Amino acid sequence: MRTSQYLLSTQKETPSDAEVISHQLMLRAGMIRKLASGLYTWLPSGLRVLNKIADIVRDEMNKAGAIEVLMPVVQPADLWEESGRWEEYGPELLRIKDRHQRDFVLGPTHEEVITALVRNEISSYKQLPLNLYQIQTKFRDEVRPRFGIMRGREFTMKDAYSFHMDSDCLDKTYQAMYKAYSNIFTRLGLDFRAVIADSGAIGGSVSHEFHVLAASGEDDIAFSSGSDYAANVEMAEAIAPEQTAVASGQPASEKAATQQSLEAFCEENGVSLAQALKLVMVKAHSEDEQNSDNWVVLALRADHTLNEVKAEKLPGIASPLQIASEDTAAALLNCPLAFANPLALELPLVVDHSAAALVDFVCGAGKADTLLTNANWTDKPESADIRNVVAGDPSPDGNGVLDIKRGIEVGHIFQLGDKYSKAMNCGVLSESGKHQTLTMGCYGIGVSRIVAAAIEQNHDKYGIIWPDPIAPFKVALIPMNMHKSQRIMEAAERIYATLTAQGVEVLFDDRKERPGVMFNDMELIGIPHSIVIGERNLDNQQVEYKNRRSGEKQLLDIEAVSDFIASL
RNA sequence: CGGUGAGUGGCGCAGCUUGGUAGCGCACUUGUUUUGGGUACAAGGGGUCGCAGGUUCAAAUCCUGUCUCACCGACCA
């Protein structure tokens, strides 16, 4: 490709509304342009990268035995009513009407459509297992699109759905997908981790997320230093500590807490927050809708934070989690929540494992502006895991301690079970001639998000540094002052023709620009290899090669260029 | 959806307080200059100031309404 015939669209200045580096660089490098909130046009360079990622995903999916299909973006509402998600999904599901006033949705995911397809097409156990996938546009009406392509409303996703007679078979496909995903992210040249995940609203049991590690990630991931344990912090188990500390036996005493806060009190009195107890009040789970105004108090060490995903899974607690306002709590307890006494509560109490192991701790005294010191549980309370793990916690598998890093979720695999197949009556005849509901798995990859994630992980102050497999072009050909030198033009044209004939993707910068402009543009776009042709080296029949990532330069004989590039 | 802020050529911004009919940098066009890291000079094209209404002799500027966008919180590939 010649830059003179291409839409390069680079810009010097960063649009003011781009916050994260990948968004800024994608705009500056001319990869995307915003059309409206969360909606982007892919320019040629961006599309090249997107397509390369899709090709790698497709290749690995095919190798893993999945079969590609393509389903519509627009889906009839009846399918969603059948699965129950017309009600469940909420405003993120964009609902539209056609000219006959029939309801449709823009597909945020395709469980309904694929299940409807399979129930019609598949009628025998002999046709199973089956794993179908597509690479296609999804639409989710995000409350708050941000970070450019990273959380757009319209995005490209690879979604696969597998169908099985039993969970053993599902497990085999799940493992195959796990392996395929690892292969994909390895081939993409990304630093990633597979982590244990919450299956969330989609339902199901077993679930893993694939995260690209980057400081700008939106998720916290916990890793073990001593094993390959890795989990989303939402899911990482905080194991109960050994009860080693013994109470001093001194009686609890009341102290005035004029500072109004536990933190200030602890600081002033030289008490670690890890020796103090804090409380959170949440709505209790109730079968009875009419009489649902019951509350539960949760107790945590003051240096820990509540894990809402864990808490709402407890049987006595309402899901989704509803946290009581300060006023509600104070009214029920007759004193501010911060000063309520967990040792003498009328309401049900759930104590975190770590909080339960405390002795001689600080907690509320049951009246305003008063705290207890040297408090102790009268009997060791029943405890549960309701906190977020922190760096330094022991790994749940018993090996090593946890560290926490930020990750960008680029893939997610689920064992769905029969949630959709049951609701939509998707089954086949088994070997014994009986109708049997199928078991499903689903496997997603955020293809467009990977573009942004790759940039977050691969950039420097000059711009993007693409890993070779997803670079928009492999080689940038940069002739110096070609318009003034016949022999430079001839050399450049010759190299361009040779490399192109070899199947190498070359971006030939044939603009009449100053060298600095060309260098800066090619570096901004992130082309991994460049060949610079100048008078100086041409005297020796040589050109200069420069590696974008390492910055290393070396001289090459012109005749050796194509072999050198082929060897990269 | 709640909180904050912003809408002025393609991009980044000034002007608004103290109304007088729009300006700067980048980009773009033409010419000269320069030539291994975003060269310099000159000439030029392009906006009616998000939209609607109001006040006024006069509105980018004041008032009212409305739309859009971004950032911070709860959801997600």
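The shown structure was predicted, so the numbers you read here are calculated from the model rather than taken from an experiment. We name chains A, B, ... by the order of the sequence lines, and we start the count at 1 in each one.
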Exercise for the section: Could you check whether A:N537 gets within reach of a base, just the sugar-phosphate, or nothing at all, counting any heavy atom under 4.0 Å? Expected result: base

Problem - Sugar-phosphate only, base, or nothing, as touched by A:E209 at under 4.0 Å among non-hydrogen atoms - result: nothing

Fill in the blank from the handout: When rounded to the nearest 0.5 Å, the distance separating CD1 of A:I464 from CG of A:N458 is 10.0 Å

Practice task
Determine whether the aromatic ring centres of A:H110 and A:Y161 lie less than 6.0 Å apart.
Solution key: no

Problem - Identity of whatever pairs with B:C57 - Watson-Crick or G-U, under 3.5 angstrom - result: B:G20

Practice task
State whether the aromatic ring of A:F519 stacks on the base of B:G36, taking stacking to mean ring centres under 5.5 Å apart and ring planes under 30° to each other.
Solution key: no

Exercise for the section: For nucleotides B:G15 and B:U48, find the distance between their C1' atoms and express it as a whole number of Å. Expected result: 15 Å

Practice task
Give one of base, sugar-phosphate or nothing for A:E513, where a contact means two heavy atoms less than 4.0 Å apart.
Solution key: nothing

Practice task
Can you sort out which residues in residues 540-560 of chain A have a heavy atom within less than 4.0 Å of RNA chain B? Ascending by number, please.
Solution key: A:E544, A:K546

Problem - Pair of N/O donor and acceptor under 3.5 Å linking B:G12 base with A:Q11 side chain - result: no

Exercise for the section: With a 3.5 angstrom cut-off on both distances, give the Watson-Crick or G-U wobble partner of B:A70, or none if there isn't one. Expected result: B:U4

Practice task
May I ask you to say what A:M150 touches in the nucleic acid, namely base, sugar-phosphate or nothing, with a heavy-atom cut-off under 4.0 Å?
Solution key: base

Practice task
Provide the full list of ring-ring contact (aromatic ring centres under 6.0 Å, His included) pairs with a residue in residues 37-56 of chain A, sequence neighbours left out, each pair given once.
Solution key: A:H23-A:Y40

Exercise for the section: Could you tell me whether the side chain of A:R153 and the main chain of A:S37 form a donor-acceptor pair under 3.5 Å? Expected result: yes

Exercise for the section: Sequence neighbours left out, what passes ring-ring contact (aromatic ring centres under 6.0 Å, His included) with A:F192? Give chain and number order. Expected result: A:F185

Exercise for the section: Using Watson-Crick or G-U wobble geometry with both distances below 3.5 Å, tell me the partner of B:G25, or none. Expected result: B:C11

Exercise for the section: Sort out the partner of B:U33 for me: Watson-Crick or G-U wobble, both distances under 3.5 Å, none otherwise. Expected result: none

Practice task
Select base, sugar-phosphate, or nothing to describe what A:G444 touches, counting heavy atoms under 4.0 Å on all strands.
Solution key: nothing

Handout entry: Sugar-phosphate only, base, or nothing, as touched by A:D159 at under 4.0 Å among non-hydrogen atoms
Key = nothing

Exercise for the section: Please determine if A:D55 and A:R58 form a salt bridge, counting it only when a charged side-chain N lies under 4.0 Å from a carboxylate O. Expected result: yes

Handout entry: Sugar-phosphate, base or nothing in reach of A:T14, heavy atoms under 4.0 Å
Key = sugar-phosphate

Practice task
Please confirm whether A:K405 makes a cation-pi placement over A:F223, using NZ or CZ under 6.0 Å from the six-membered ring centre and within 45° of the ring normal.
Solution key: yes

Handout entry: Residues that A:S45 engages under side chain to side chain donor-acceptor pair (under 3.5 Å), provided they are two or more places apart
Key = A:Y6

Exercise for the section: For A:V447, report the nucleic acid contact type (base, sugar-phosphate, nothing); a contact means any heavy atom under 4.0 Å. Expected result: nothing

Exercise for the section: Go through the structure and list residues passing ring-ring contact (aromatic ring centres under 6.0 Å, His included) with A:Y181, not counting sequence neighbours. Expected result: A:F210

Problem - Inter-nucleotide C1' distance (B:G47, B:G10), Å rounded - result: 11 Å

Exercise for the section: Report yes if a donor N or O on one partner sits less than 3.5 Å from an acceptor N or O on the other, where the partners are the side chain of A:R151 and the base of B:C76; otherwise report no. Expected result: yes

Practice task
For RNA chain B, find the residues of residues 26-40 of chain A with a heavy-atom distance under 4.0 Å and give them by number; none if there aren't any.
Solution key: A:K34, A:S37

Problem - Closest heavy-atom pair and its distance - A:Y462, A:D460 - result: N-OD1, 2.9 Å

Exercise for the section: Look at the side chain of A:E13 against the base of B:G25 and say whether a donor-acceptor pair falls under 3.5 Å; ignore hydrogens and angles. Expected result: yes

Practice task
Under a 3.5 Å limit for both distances, which nucleotide forms a Watson-Crick or G-U wobble pair with B:G65, could you say?
Solution key: B:C51

Exercise for the section: Answer with base, sugar-phosphate or nothing: what part of the nucleic acid does A:N481 contact at a heavy-atom distance below 4.0 Å? Expected result: base

